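Beneath this line is the structure, given in structure tokens, with notes to follow.
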Amino acid sequence: MSNFIEIKNLTKNYYNQKKKINVLKNLNFKFKKGFIYSLVGPSGSGKSTLLNILSLIDRPSNGNLIINKNKIDFNDVKLNDKIRSDYFGIIYQEKNLLSDFTAIENISFAGIANGKSLKESIHISEKILKKLGLKNRSKHFPAELSGGESQRIAIGRALINSPNIIIADEPSGNLDHKNAKEFFKLLLNLKSEKRIIIYATHNRFFANLADCRLQLINGKLKSINARK
Ligand SMILES: Nc1ncnc2c1ncn2[C@@H]1O[C@H](COP(=O)(O)OP(=O)(O)OP(=O)(O)O)[C@@H](O)[C@H]1O
Ligand SMILES: [Mg+2]
């Protein structure tokens with residue numbers, strides 16, 4: 001089983017009015033392709049911080065991140081933008097679709113940004129919308145979508161470049177239980193032997209649907225009920 005993402009002695013400190021906050025303390029972990037990981041922990045335990053480092057949005061204070069055998073140089077912003085676009089699909093809690101663009105445009109843009117032609121992006125987006133059961137919402141603007149529909153479009157946008165890694169930070173945080181269940185059904189269906197899915201959640205039921213449950217507590221990462 002290949003270790004596609006590895007963190008080595010990963011540490012993250014924040015400084016607030018000269019006071020040091022040691023959020024992540026020397027974390028070591030290997031994420032394997034084909035597995036789904038949930039990330040739990042109290043509010044403020046560092047879940048978003050860890051996910052933002054894994055997806056190259058934030059940088060660690062110390063330690064290394066290795067993706068597909070390449071050690072990430074956090075100073076190489078250009079390369080990291082390319083790695084993010086090639087490997088990652090990212091889904092956030094808040095609605096973060098572009099408000100002036102339709103559902104299909106929101107999905108397509110991520111493809112165009114990755115170097116696909118407009119035609120190809122639209123073609124893939126149409127297929128994705130169909131898969132997500134949202135073909136009839138293709139021309140809707142974000143304000144004309146329900147919360148559940150918006151999050152499904154966010155899955156679509158994360159999917160357009162067939163990512164090896166899907167990162168979702170409390171993706172169902174703003175949804176009611178029915179829509180959250182629907183969302184996770186779609187998300188977990190994206191499991192494949194070529195892919196790692198990592199999501200943070202406060203919901204125990206959804207956390208337990210993963211293959212491996214990770215818990216962040218006092219800056220340390222614990223792996224619980226790993227089914228490996
Ligand atoms: N830019 C920053 N500057 C200073 N402190 C920060 C910064 N960003 C986050 N923190 C602190 O780091 C800690 C971890 O924050 P983080 O957002 O990763 O927590 P979380 O586990 O995602 O919480 P939640 O469940 O509420 O989303 C918190 O104590 C937060 O206040
Ligand atoms: Mg968070």
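Computed from a prediction, not measured in an experiment: that's the story for all the values here. Just follow the structure's listing: the first ligand is 1, and inside any ligand the first atom is 1.
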Considering only heavy atoms of Pro42, which atoms of ligand 1 have at least one such atom less than 4.0 Å away?
->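 So the atoms of ligand 1 that pass are 21 (O).
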
Using a strict 4.0 Å cut-off to heavy atoms of Glu170, name the atoms of ligand 1 that fall inside it.
->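 Answer, ordered by atom number: 24 (P), 25 (O), 27 (O).
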
To the nearest 0.1 Å, how far is [atom] from its closest protein heavy atom, and which atom is that?
{"atom": "atom 28 (C) of ligand 1", "answer": "Gly44 O, 3.7 Å"}
{"atom": "atom 17 (O) of ligand 1", "answer": "Ser48 CB, 3.7 Å"}
{"atom": "atom 15 (O) of ligand 1", "answer": "Thr49 OG1, 3.7 Å"}
{"atom": "atom 26 (O) of ligand 1", "answer": "Ser43 OG, 2.5 Å"}
{"atom": "atom 6 (C) of ligand 1", "answer": "Tyr14 CD1, 3.3 Å"}

Please list, in chain and residue-number order, the protein N/O/S atoms closer than 2.8 Å to the Mg ion (ligand 2).
->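 For the Mg ion (ligand 2), the protein N, O and S atoms that sit under 2.8 Å away are Ser48 OG.
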
Would you call Ser45 a ligand 1 contact, heavy-atom distance under 4.0 Å?
->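 So Ser45 counts as touching ligand 1.
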
So is Ala200 close enough to ligand 1, meaning a heavy atom under 4.0 angstrom away?
->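 No heavy atom of Ala200 comes that close to ligand 1.
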
Does the gap between the ring centers of Tyr199 and Phe206 come in under 6.0 Å?
->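 Ring centroids of Tyr199 and Phe206 are no less than 6.0 Å from each other.
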
May I ask whether atom 30 (C) of ligand 1 is less than 4.0 Å from at least one protein heavy atom?
->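 No, there is no protein heavy atom closer to it than 4.0 Å.
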
Taking atom 21 (O) of ligand 1 as the reference point, report whether a protein heavy atom occurs under 4.0 Å from it.
->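 Within 4.0 Å: yes, protein heavy atom nearby.
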
Of all residues at least two apart in sequence or in a different chain, which pass the side chain to side chain donor-acceptor pair (under 3.5 Å) check with Asn52?
->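 With neighbours one apart ignored, the set is empty.
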
Kindly write out the residues that satisfy ring pair (Phe, Tyr, Trp, His ring centres under 6.0 Å) with Phe74, not counting sequence neighbours, or none if the list is empty.
->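 Phe74 satisfies ring pair (Phe, Tyr, Trp, His ring centres under 6.0 Å) with no other residue.
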
Does a sphere of radius 6.0 Å around NZ in Lys8 hold more than 12 heavy atoms from other residues, nucleotides or ligands, not counting ones at 6.0 Å or beyond?
->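 Check fails, neighbour count at 12 or below.
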
Check the surroundings of atom NZ in Lys220: do more than 12 heavy atoms from other residues, nucleotides or ligands lie under 6.0 Å from it?
->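 Buried by this count: over 12 neighbours within 6.0 Å.
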
If we only count N/O pairs under 3.5 Å, is Val23 in contact with ligand 1?
->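 N/O-N/O distance below 3.5 Å does not exist for this pair.
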
Return each pair, listed once, that meets ring-ring contact (aromatic ring centres under 6.0 Å, His included) where at least one residue sits in residues 119-171; pairs must be two or more places apart or across chains.
->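 The answer is none; no pair qualifies.
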
